[in-house]
Amino acid sequence: MTVVPTLTYGRITIRPLRLRDARDLDFALTSNRGWLRTWEATSPSGHASTDVRGSIRALQANARSGLGLPFAMELDGRFVGQLNVSGITYGSLASASIGYWVVQSAAGNNVTPTAVALAVDYCFRTVGIHRIEICIRPENAPSLRVVEKLGFRYEGLRRRYIHINGDWRDHFCFALVAEEVREGVLDRWVKGAVPPGAGSVPEWARAEAAQRILPGRPG
Ligand SMILES: CC(C)(COP(=O)(O)OP(=O)(O)OC[C@H]1O[C@@H](n2cnc3c(N)ncnc32)[C@H](O)[C@@H]1OP(=O)(O)O)[C@@H](O)C(=O)NCCC(=O)NCCS
């Protein structure tokens, strides 16, 4: 089991997602349908679950097995979104992925980059994870800004990688390994020490992504 900590920087806190968040989570998801749909993971079988308590329980069970860290994100003490560290592996790979969303009313307050920085520093320093990746649809400009701010390194294009909004979607993959951010992801960012261009997608990669070489629904 890996402990899910409570961590704060300024107005932003990440803390363990709890069953008593179910009502806030349900309200946030329902009232932000249009805002989230384009970027939301879906089931290839077409089955859509609306069991919010069940999904929190599943994330908590995953955390008890040491496979994930389910966080709630707060701005000024108010629930505004979720950040999940998932797919944790140990040993020679020691790796994990991060996914996130915030409600539309909280967007643009640096909630997500701050939350990602806090979570990644914890994973590198306390959990012993060596590499963390974030995968983003090429069309998702706000999310690309999150990794750009923190200087996640562009690694490549994964064709039809995750089932999002009803189809398999291409994703850009970004990563950090512990030794490239020894000073900490949060410290490096708030001190303005992210190397210029470190988190941006090269022009040739954008051109590659624009070529549709495999079948699938656009958008
Ligand atoms: C992507 C997302 C998580 C970013 O979270 P955030 O906490 O707003 O992050 P930031 O505050 O750093 O804002 C990132 C960029 O979003 C854009 N942005 C700011 N306010 C916005 C708003 N009200 N609406 C849309 N985009 C906005 C800006 O370009 C901003 O970059 P800037 O700070 O350089 O101006 C959020 O937009 C979101 O939840 N989107 C829907 C779900 C999603 O895309 N999840 C990620 C899947 S990979």
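The structure displayed is predicted, hence computed values, not measured ones. Just the heavy atoms: all of them, side chains too, but no hydrogens, waters or symmetry mates, feed the values below. Just follow the structure's listing: the first ligand is 1, and inside any ligand the first atom is 1.
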Exercise. Heavy-atom distance from atom 46 (C) of ligand 1 to the protein below 4.0 Å?
Worked result: yes
Report the nearest protein non-hydrogen atom to [atom]: residue, atom name, distance rounded to 0.1 Å.
{"atom": "atom 48 (S) of ligand 1", "value": "S143 OG, 3.4 Å"}
{"atom": "atom 29 (O) of ligand 1", "value": "R145 CG, 4.2 Å"}
{"atom": "atom 27 (C) of ligand 1", "value": "A107 CB, 4.6 Å"}
{"atom": "atom 40 (N) of ligand 1", "value": "W35 CZ2, 3.7 Å"}
{"atom": "atom 19 (C) of ligand 1", "value": "G108 CA, 3.5 Å"}
{"atom": "atom 41 (C) of ligand 1", "value": "W39 CD1, 3.6 Å"}
{"atom": "atom 17 (C) of ligand 1", "value": "P142 CB, 4.1 Å"}

Problem set entry | Salt-bridge contact R160-D167 (side-chain N to carboxylate O under 4.0 Å) |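 Here R160 pairs with D167 in a salt bridge, since their nearest N and O are under 4.0 Å apart.
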Exercise. If you measure from the Lys or Arg side-chain nitrogens to the Asp or Glu carboxylate oxygens, is any gap between E40 and R33 under 4.0 Å?
Worked result: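 Salt bridge: yes.
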N or O contact, [X] vs ligand 1, cut-off under 3.5 Å:
{"X": "T112", "value": "yes"}
{"X": "Y100", "value": "yes"}
{"X": "I136", "value": "no"}
{"X": "N110", "value": "yes"}

I'd like to check [X] versus [Y] (side-chain heavy atoms, cut-off strictly below 4.5 Å). Are they in contact?
{"X": "F174", "Y": "V201", "answer": "yes"}
{"X": "F152", "Y": "V116", "answer": "yes"}
{"X": "W35", "Y": "V103", "answer": "no"}

Once you restrict to heavy atoms under 4.0 Å, what part of [X] touches ligand 1? Side chain, backbone, both or neither.
{"X": "P113", "result": "side chain"}
{"X": "V146", "result": "side chain"}
{"X": "K149", "result": "side chain"}
{"X": "N109", "result": "backbone"}

For this session: Using distance alone, with no hydrogens and no angle criterion, decide if T2 and Y122 have a side-chain donor and acceptor under 3.5 Å apart.
Result: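 Checked: T2/Y122 side chains show no N/O donor-acceptor pair below 3.5 Å.
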Exercise. Is a side-chain donor-acceptor pair under 3.5 Å present for Y100 with S143?
Worked result: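 Looking only at side-chain atoms, Y100 and S143 do form a donor-acceptor pair, the distance falling under 3.5 Å.
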Exercise. Of T114, V103, L75, V102, which has the heavy atom at the shortest distance from atom 36 (C) of ligand 1?
Worked result: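 Checking each option, the heavy atom nearest atom 36 (C) of ligand 1 is found in V102.
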Exercise. Counting only N and O atoms by type, is there a donor-acceptor contact under 3.5 Å from the side chain of T13 to the main-chain atoms of T8?
Worked result: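 It does not hold such a pair.
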Problem set entry | Donor-acceptor pair, side chain of D21 and main chain of D24, under 3.5 angstrom | no
Problem set entry | Numbered atoms of ligand 1 (with element) below 4.0 Å of W101, judged on heavy atoms |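 Every atom of ligand 1 under 4.0 Å from some heavy atom of W101: 39 (O), 42 (C).
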Problem set entry | Smallest separation among heavy atoms of V181 and V185, with atom names |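 The pair with the smallest heavy-atom distance is CG2-CG2, 3.9 Å.
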Exercise. Run the salt bridge (charged side-chain N to carboxylate O under 4.0 Å, His left out) check on E133 and R153 step by step: do they pass?
Worked result: CA-CA 9 Å; E133 75 171 32; R153 192 172 19 78; over 6 Å; no
